[in-house]
Amino acid sequence: MNNEYSDFFTYLSWRGDIPFTASPFNAVDALILCQIAYLDLECAVPKCENSAILLKNAARLHEELRAKKIGLMINEQTAELFFEAAKTKRFGDIALCDVVNKYDEKSEEQFFALTFLLDKHTAFVAFRGTDDTIVGWKEDFNLAFVTPLPAQKDALAYLTDEAGMSFIKKVIVGGHSKGGNLALYASAQMTKYKDKIISVYNFDGPGFSSDMLSSPPFRAIENITHSYYPQLSIIGQLFSHFESYTVVKSNAQFIMQHDPFSWAVGALGFEEKEDFEAGSKYFHKTFNEWYISLEKDKREQFVNALFAPLAETDYKNLSSLSSHWLQASSAILKALNEMDNDIKLQTKEIIASLFSVAQKNFGVLIAKNS
């Protein structure tokens, strides 16, 4: 491979004419479908029970997807990936069905799931990661003190329903970011039809507590779980994860490595690195030591204090917040000033404890970089 990174589009040109019967479904295929799941596909997928649409037909009938905004944090090339994949033999005849989309400010839930039928008997269940909504990001932070999240409950119910279809013999589950966490949770906690699950793909998703990860339900899926993280993973280093994983080369900087379009793709899989960068290890050690040191109520207090100012604005997503930053900043500062003094003090103490742990581990970071 040369110095330029090959991406999803290069992969489509390499493998697009090869069906799954000739070259089996792999991790790159899984991540492409997980990325497509970020699109607003409700308009394209039939709502009728037992109805589906081929990916190539969905693309042909819904050109408007090219123009739809999918959010500040989702790569704008996602729609183009959908349309290019639809042209290929490998992806064009995949059927899309059973879209579920939930957004609830009261319960602080953002959930989206979609099933891709790879053939007559094999389903790939994709869970969307965090979208552009403030609620979605708040739900991510709620992982620090809530289990199960509303989205985790819905992921379990959705996967059980899909696996329960009589014609489905094999199920592959996957997700990027929070979607990876949902894929792992649902696959581990599902009891009925669990024997149908043959693979679980987690792409840079936040983990779980060490106790949960070592529990029998999670240990039962460890051997079929395939976790992939960029070389400088941040999101995927939250909490604990299985010891077996693959580190992927990325051509982006810092947290932008979370974007799958920055991951280096080969003809049969991802271009791999031997290990995480020192910065990723430093973050993992620092965050998790700090997290473990906090009582559950302190974590909840910190997260709620962090998002309380945003709740005082009229902006529901990161895109609108970014577009009206001056107005939003004014509302956020006002909310911060009006915050209860005890909450301010306690929040400062929690942040100070994070810096204390970070400072303690700084020598480890220097040693790994030297």
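Computed from a predicted structure; not experimentally measured. Throughout, residue positions are numbered sequentially from 1 according to the sequence presented.
- The neighbour count for Met256 CE, taken as heavy atoms of other residues, nucleotides or ligands under 6.0 Å away, does not exceed 12.
- Counting non-hydrogen atoms of other residues, nucleotides and ligands closer than 6.0 Å to CD of Glu63 gives a total above 12.
- Side chain to side chain, Tyr158 and Asp98 fail the donor-acceptor criterion of an N or O pair below 3.5 Å.
- Using a 4.5 Å heavy-atom threshold, the side chains of Gln35 and Ile32 count as separate.
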| message | salt bridge (Lys or Arg N to Asp or Glu O under 4.0 Å), that's the test. Do Glu277 and Lys281 meet it? Break it down for me. | response | CA-CA 7 Å; Glu277 292 183 15; Lys281 293 183 177 182; over 6 Å; no

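- For the residue pair Gln231/Ser250, the side-chain donor-acceptor check at 3.5 Å is not satisfied.
- Hydrophobic clustering (ILVMFWY, side-chain heavy atoms < 4.5 Å, transitive): Met212 and Val173 are in one cluster.
- Tyr38 has its side chain within reach of His176: a pair of non-hydrogen atoms, C-beta onward, lies under 4.5 Å apart.
- In this structure, a donor-acceptor pair under 3.5 Å is present between the side chains of Thr10 and Asp7.
- In this structure, Glu109 and Asp154 have side chains that are in contact, with non-hydrogen atoms separated by less than 4.5 Å.
- A salt bridge links Glu84 with Lys87; the closest basic N to acidic carboxylate O contact falls under 4.0 Å.
- At a threshold of 4.5 Å between side-chain heavy atoms, the hydrophobic network of Ile, Leu, Val, Met, Phe, Trp and Tyr places Ile221 and Ile168 in one connected group.
- Annotation: side chain of Asp40 is in contact with side chain of Glu42 (closest heavy-atom distance under 4.5 Å).
- Here the straight-line distance linking atom CD of Glu272 with atom CZ of Phe270 works out to 9.5 Å at 0.5 Å rounding.
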Start with the C-alpha distance between Phe91 and Phe116, add both sets of side-chain angles, then the distance that settles ring-ring contact (aromatic ring centres under 6.0 Å, His included), and finish with yes or no.
CA-CA 10 Å; Phe91 292 95; Phe116 298 89; 9.0 Å; no

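- Residues Leu39 and Ile70 meet the side-chain proximity criterion, which asks for heavy atoms closer than 4.5 Å.
- For Glu76, the CD atom sits in a loose shell: 12 or fewer heavy atoms of surrounding residues, nucleotides or ligands are nearer than 6.0 Å.
- In the hydrophobic clustering of this structure, Ile224 groups with Phe242; members are Ile, Leu, Val, Met, Phe, Trp, Tyr whose side-chain heavy atoms approach within less than 4.5 Å, directly or through other members.
- In this structure, a donor-acceptor pair under 3.5 Å is absent between the side chains of Thr78 and Asn75.
- In the hydrophobic clustering of ILVMFWY residues, with side-chain heavy atoms under 4.5 Å counting as a link, Tyr185 and Phe203 come out apart.
- Residue Val247 is found in a hydrophobic cluster whose other members, listed by chain and number, are Tyr229, Tyr245, Phe276; membership requires side-chain heavy atoms under 4.5 Å apart, directly or through intermediates.
- Counting heavy atoms of neighbouring residues, nucleotides and ligands inside a 6.0 Å radius, atom CG of Asn223 does not exceed 12 of them.
- Relative to the ring axis of Phe111, Arg128 does not place its NZ or CZ within 45° and under 6.0 Å from the centre.
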